[in-house]
Participant: 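Quick one: this structure, given as structure tokens, is what I'll be asking you about.
Chain A is the first sequence line, chain B the second, and so forth, proteins listed ahead of strands; every chain is numbered from 1. Being a predicted model, the structure only gives us computed values, none of them experimental.
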Number of protein chains: 2
Amino acid sequence: MPLDDAQHEYVDKVATFFAMLGSARAWAEILGWLMICEPAEQTQAQIAEDLGLSAGTVSTQLRSHVQLGMVEQVRVRGDRTQRYRLRPGAWYGVMASELERIRALGDLARAGETVLPRDRPERVTELGDLADFFAREWPPLMERMTAELEKGSA
Amino acid sequence: MPLDDAQHEYVDKVATFFAMLGSARAWAEILGWLMICEPAEQTQAQIAEDLGLSAGTVSTQLRSHVQLGMVEQVRVRGDRTQRYRLRPGAWYGVMASELERIRALGDLARAGETVLPRDRPERVTELGDLADFFAREWPPLMERMTAELEKGSA
DNA sequence: CAGTTGTTTCAGGTCATACTGAAATCATGC
DNA sequence: GCATGATTTCAGTATGACCTGAAACAACTG
């Protein structure tokens, strides 16, 4: 089913947002469309057709989504075609994975201690303190988040 | 003062990290150098010389840092040259500004309500709930952060 | 006011990457 | 096993970003 005007506008809005953050346009368009398409499960061919993208682009960018954990494949017995859909809890997963980046920042700060400047060393140490703080706070924050979101959907 | 081996390695580490997140290499190198250079205040010419970058690149990328609030200019009376340094609390500011992105995500989710799919509408609504959650949690988290970091530096 | 040094601007070269289109590959149904 | 259609791969193109180098500009010194 092709996109109507409102859907097209929304896909564009999502694509613009994520493109601003550095994502490939096609990557972001696919994400936007998978948020609102009907049914939620779509084949690569359908996505390519609906968004006017080449099959190659859809294949590549979908693989990226799958690797990032945003999208999952759905096997349908008796049907040759694979379907893809936004993974339940996809948004939650994105936030949870931020912890890895926080840890990487902490590593970066610790590596800086070997070249710690005498003048204003807090340029480096503040980063370490910040990373430590978030490394401590993030897990309980994630727990509160899941508790809150489940409550909403119950 | 040119970089010694350890400093060069660290600048490279910082540059690689931020380049992975999509930053320009020169932007990230300048950031890394401003974290550990001595003294903390540097002129554009010094930075260009030390990092082996052109004056134009340093001018452009430094302006970006200033606009993002990471770096500030230091006026020195009686000296023709402007100096730049990593802003105190620069890392804190980065985290605090995340609230804007959270709000933007919320706007995106709300815009999606006009095209809410019948099948699995939580693809959109979960994003909104998530954004609302973080919009509520972020300010108190920031307060705890500042309290904690001040305690450490006291 | 001229000279010197630091900064900004900008045209051009270089490089990385997104995307396409087509060929190859794969998976399934008959 | 063959035919069909979906998916993957890949060479080629194009778009855009980064960076440089040079010229214009600004700010201070003597």
Side-chain angles (χ1 to χ4, degrees), chain A residues 1 11-12 14-34 37 39 41-68 70-85, chain B residues 1 11-12 14-34 37 39 41-68 70-85:
Chain A
M1 190 181 64
V11 168
D12 209 63
V14 174
T16 302
F17 179 81
F18 285 99
M20 253 179 31
L21 302 183
S23 306
R25 175 106 198 154
W27 184 96
E29 282 185 14
I30 291 170
L31 176 60
W33 180 225
L34 285 181
C37 61
E41 294 81 17
Q42 297 276 315
T43 67
Q44 289 196 15
Q46 284 172 336
I47 295 171
E49 164 74 18
D50 293 340
L51 294 178
L53 295 170
S54 75
T57 297
V58 172
S59 174
T60 303
Q61 301 300 335
L62 255 188
R63 192 215 315 289
S64 163
H65 278 300
V66 170
Q67 285 174 346
L68 289 172
M70 289 291 296
V71 169
E72 65 186 358
Q73 299 181 11
V74 184
R75 305 206 145 278
V76 178
R77 287 174 54 84
D79 190 347
R80 175 161 73 272
T81 74
Q82 192 69 251
R83 315 234 159 195
Y84 296 82
R85 70 166 176 214
Chain B
M1 190 182 62
V11 168
D12 208 63
V14 174
T16 301
F17 180 81
F18 286 100
M20 252 180 31
L21 302 183
S23 305
R25 176 106 197 152
W27 184 95
E29 282 185 14
I30 291 171
L31 177 60
W33 180 225
L34 285 181
C37 61
E41 293 81 16
Q42 298 275 317
T43 68
Q44 289 196 14
Q46 284 172 337
I47 295 171
E49 164 73 18
D50 293 339
L51 294 178
L53 295 170
S54 75
T57 297
V58 172
S59 174
T60 303
Q61 300 301 337
L62 256 187
R63 192 214 315 288
S64 164
H65 278 301
V66 171
Q67 284 173 347
L68 288 172
M70 289 291 296
V71 169
E72 65 186 359
Q73 299 181 11
V74 184
R75 305 209 147 278
V76 179
R77 287 175 55 83
D79 189 347
R80 172 160 80 273
T81 73
Q82 192 69 252
R83 315 233 159 197
Y84 295 83
R85 71 168 174 212

Participant: Which heavy atom of A:Ala28 sits nearest a heavy atom of A:Ala19, and at what distance?
Facilitator: CB-N, 4.5 Å
Participant: Atom CZ of B:Arg25 to atom P of D:dC18: distance rounded to whole Å?
Facilitator: 14 Å
Participant: What salt bridge (charged side-chain N to carboxylate O under 4.0 Å, His left out) pairs are there with at least one residue in residues 14-23 of chain B, not counting sequence neighbours?
Facilitator: none
Participant: Mind calculating the distance between CZ (B:Arg75) and P (D:dA26) to the nearest angstrom?
Facilitator: 15 Å
Participant: A:Met20 CE to D:dA17 C1': how many Å, rounded?
Facilitator: 17 Å
Participant: So B:Trp27 and B:Phe18, would you call those rings parallel, tilted or perpendicular, with 30° and 60° as cut-offs?
Facilitator: perpendicular
Participant: Consider side chain to side chain donor-acceptor pair (under 3.5 Å). Of A:Glu72, A:Gln44, A:Gln46, which one does A:Tyr84 pass it with?
Facilitator: A:Gln44
Participant: What is the distance, to the nearest angstrom, from the CD1 atom on A:Ile47 to the C1' atom on D:dA6?
Facilitator: 13 Å
Participant: Can you tell me the distance, in whole Å, between the CD atom of B:Gln61 and the C1' atom of D:dA17?
Facilitator: 10 Å
Participant: Between C:dG21 atom C1' and A:Glu49 atom CD, what is the distance in whole Å?
Facilitator: 16 Å
Participant: Please report the interatomic distance CD(A:Glu49) to OG1(A:Thr43), rounded to the nearest 0.5 Å.
Facilitator: 10.0 Å
Participant: Please classify the nucleic acid contact of B:Gly52 as base, sugar-phosphate, or nothing, using heavy-atom distances under 4.0 Å.
Facilitator: sugar-phosphate
Participant: Restricting to pairs with a member in residues 52-65 of chain B, which pass salt bridge (charged side-chain N to carboxylate O under 4.0 Å, His left out), not counting sequence neighbours?
Facilitator: none
Participant: Starting at CG of B:Leu53 and ending at C1' of D:dG21, how long is that distance when rounded to a whole Å?
Facilitator: 14 Å
Participant: Write down the distance between CD (A:Gln42) and P (D:dA6), rounded to a whole number of angstrom.
Facilitator: 13 Å
Participant: Give each protein N/O atom lying under 3.5 Å from an N/O atom of nucleotides 6-10 of chain C, with the pair distance.
Facilitator:
| from | atom 1 | to | atom 2 | distance (Å) |
| --- | --- | --- | --- | --- |
| C:dT7 | OP1 | B:Gln82 | O | 3.2 |
| C:dT7 | OP2 | B:Gln44 | N | 3.4 |
| C:dT7 | OP2 | B:Ala45 | N | 3.0 |
| C:dT8 | OP2 | B:Gln44 | OE1 | 3.3 |
| C:dT8 | OP2 | B:Gln44 | NE2 | 2.4 |
| C:dT8 | OP2 | B:Ser59 | OG | 3.0 |
| C:dT9 | OP2 | B:Arg63 | NH2 | 2.4 |

